[in-house]
Amino acid sequence: MPKRYIQIGSILLAGLTASPLFGDLIHRYSFTTNADDSVGSANGTLVGRATVSGGQLQMNNPDFSAGIGAATNPDPNDGYLTLPPSILPSSGSATIEEWMTVQGSGFFAESYSFSNSNNDANPPTGTNGQYLIHAISAPQPTSPPGGANTGGDHIEQTVNGYSSGQQSDAYETTPGLGADGGGYMDDGDTYFSATVIDGAAGTLSYYLWDITEGIGGLQETIPAIPLSSYSFTNAYLGRSPFVVDNALSGSIDEFRVYNDAQSAADIVADYAAGPDVVLPEPGSLSLIALGAAGLLKSRSRRAAR
């Protein structure tokens, strides 16, 4: 795992990776050689065409690959990654971060999805359907952003299904972001996104940057469904819980889950650092500083003898 090095005086200290003592990063998929969780033990399982190469999760799906349950031209070999749904905290707060490059995925492709669907036989469309989804290419009306039936990219949440109209979304609102300014993230650019669920504030905040273009930031903050209201049974990277939706075409550099609501400053710092760099939490920096101060003091005492 990569380390962050911090200079304090003349002392170079190895910074901390994802230790629970020094932060709230509880799951990390950096796809160095496989789909294992390098922080916890919730390893992923590759399905279909999905592979790990070049330090990325490669979906290897043809452009506009029809979902495995599509009415016409279904593709049973769609590639995606399954994850244990328990990687998301069952209460309190959580932050989901991801770096990805996507192209030609078509409408209703998702980069990540958590749901209570019963695999392919029971998609979460009824009044009891639950999901938390990052949609990267929903159909866009002529007058974005926000409002009923607004598409582009957004975070979707519901515990009452989609067909009953109880879904609520946090939309991308940065002007000009995404393919032709329509918010579609499957344009070949590299993106960083963060979903921050703050249990104390009762909010869900959606952050998104187009790294290639250098634009983005906080998109929208909406009331959050409490994590304790969900009972997820499935989690995917690169696949929707709705089997008719298009598969994600592209790659994911890194996927992380924190068990707290990362601050806006934390999110900006992670965006600036990029994947493969785990920044120490503020608390760990304080501990490092205290340890360095003690070491310097000890050296000073020895020198005075």
Side-chain angles (χ1 to χ4, degrees), residues 26-29 31 34-37 40-50 52 57 59 61 65-70 74-91 94-98 100 102 105 107-138 154-164 166-169 193 195 197 204 224-250 252 255-259:
I26 55 174
H27 300 288
R28 182 186 179 205
Y29 304 88
F31 307 113
N34 54 34
D36 287 355
D37 177 3
S41 57
N43 297 336
T45 301
L46 298 167
V47 178
R49 298 188 187 92
V52 170
L57 170 64
M59 258 59 78
N61 296 315
S65 180
I68 59 176
D75 191 339
N77 297 312
D78 282 345
Y80 55 92
L81 184 74
T82 64
L83 296 171
S86 58
I87 64 171
L88 205 62
S90 59
S91 63
T95 299
I96 302 170
E97 292 185 345
E98 55 186 336
M100 76 200 83
V102 188
S105 292
F107 289 145
F108 301 117
E110 272 91 49
S111 63
Y112 73 75
S113 65
F114 295 85
S115 76
N116 73 334
S117 64
N118 182 18
N119 294 317
D120 302 333
N122 182 30
T125 54
T127 56
N128 295 317
Q130 302 179 9
Y131 53 81
L132 177 68
I133 292 172
H134 185 197
I136 63 102
S137 54
H154 50 276
I155 306 299
E156 307 173 7
Q157 57 174 359
T158 184
V159 290
N160 295 302
Y162 172 75
S163 56
S164 59
Q166 297 302 311
Q167 173 182 296
S168 58
D169 300 4
S193 76
T195 307
I197 298 174
L204 183 154
I225 293 174
L227 291 170
S228 58
S229 297
Y230 294 118
S231 53
F232 293 137
T233 58
N234 291 298
Y236 304 119
L237 297 188
R239 180 193 154 172
S240 167
F242 299 92
V243 296
V244 298
D245 290 347
N246 285 23
L248 195 76
S249 299
I252 296 177
F255 185 81
R256 301 177 184 175
V257 178
Y258 295 81
N259 66 356

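Since the model is a prediction, treat every value here as computed from it, not as a measurement.
In this structure, S91 has no side-chain hydrogen bond (donor to acceptor under 3.5 Å, both in side chains) partners at least two apart in sequence or on a different chain. For H27, there are no ring-ring contact (aromatic ring centres under 6.0 Å, His included) partners two or more places apart in sequence or in a different chain. By the side-chain hydrogen bond (donor to acceptor under 3.5 Å, both in side chains) test, N246 is found to be paired with no residue, residues two or more places apart in sequence or in another chain being considered. By the side-chain hydrogen bond (donor to acceptor under 3.5 Å, both in side chains) test, Q157 pairs with S168, sequence neighbours left out. Checked against ring-ring contact (aromatic ring centres under 6.0 Å, His included), F108 has no partners two or more places apart in sequence or in another chain. Applying the side-chain hydrogen bond (donor to acceptor under 3.5 Å, both in side chains) rule to S229 yields no partners; only residues at least two apart in sequence or on another chain are considered.
Counting heavy atoms from C-beta on, the side chains of L227 and S90 never come closer than 4.5 Å. Under the 4.5 Å side-chain criterion, counting only non-hydrogen atoms from C-beta, I26 is not in contact with I87. Two residues are said to be in side-chain contact when any heavy atoms from C-beta on lie closer than 4.5 Å; I155 and L132 meet this criterion. With contacts defined as side-chain heavy-atom distances shorter than 4.5 Å, the pair L57/L237 qualifies. Under the 4.5 Å side-chain criterion, counting only non-hydrogen atoms from C-beta, I133 is not in contact with F114. Looking at heavy atoms from C-beta onward, Y112 lies out of side-chain contact with I252 at the 4.5 angstrom threshold. Looking only at side-chain heavy atoms (C-beta outward), P85 and N116 stay at 4.5 Å or farther from each other.
Panel note: side chain T95, backbone Y258; no donor-acceptor pair is recorded below 3.5 Å. No donor-acceptor distance shorter than 3.5 angstrom exists from the side chain of D75 to the backbone of G67, with no hydrogens or angles considered. Between the side chain of S113 and the backbone N or O of R239 there is at least one donor-acceptor pair closer than 3.5 Å. Without hydrogens or angle criteria, D169 side chain to H154 main chain gives no donor-acceptor distance under 3.5 Å.
Y29 and F255 have tilted rings, their planes meeting at an angle from 30° to 60° on a 0 to 90° scale. Below 30°, between 30° and 60°, or above 60°: for Y236 and Y80 the angle between ring planes is above 60°, a perpendicular geometry.
For the atom pair CD1 (I68) and CG (N77), the distance works out to 10.0 Å, reported to the nearest 0.5 Å. Summarising the geometry, atom CG belonging to N259 is positioned 10.5 Å from atom CG belonging to L88; distances are rounded to the nearest 0.5 Å. Rounding to the nearest 0.5 Å gives a distance of 8.5 Å between OG of S193 and CD1 of I96.
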Test log, rule side chain to side chain contact (heavy atoms under 4.5 Å, CB included), inputs N234 and T82: CA-CA 8 Å; N234 291 298; T82 64; over 6 Å; no

Please report the C-alpha distance between T158 and Q130 in whole Å, then the side-chain angles of each, then the deciding distance to 0.1 Å, and finally whether the side-chain hydrogen bond (donor to acceptor under 3.5 Å, both in side chains) criterion is met. CA-CA 5 Å; T158 184; Q130 302 179 9; over 6 Å; no

For E98 and H134, what are the C-alpha separation, side-chain angles and deciding distance, and is it a side-chain hydrogen bond (donor to acceptor under 3.5 Å, both in side chains)? CA-CA 10 Å; E98 55 186 336; H134 185 197; 2.7 Å; yes

Test side-chain hydrogen bond (donor to acceptor under 3.5 Å, both in side chains) applied to D78 and S65, step by step: CA-CA 7 Å; D78 282 345; S65 180; 2.5 Å; yes

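Across every non-hydrogen atom of P89 and A94, the tightest pair is CD-CB, 3.8 Å. Pairing each heavy atom of S105 with each of S249, the nearest pair is OG-N, 2.8 Å. Taking every heavy atom of both residues into account, A224 and I197 meet most closely at CB-CG2, 4.2 Å. When every heavy atom of L248 is checked against every heavy atom of A109, the shortest pair comes out as CD1-CB, 4.2 Å. Of all heavy-atom pairs between P84 and A42, the closest is CG-CB, 3.7 Å.
With ring centers used as reference points, F242 lies under 6.0 Å from Y131.
A salt bridge is absent between D37 and R28; no separation between the charged side-chain nitrogens and carboxylate oxygens falls under 4.0 Å.
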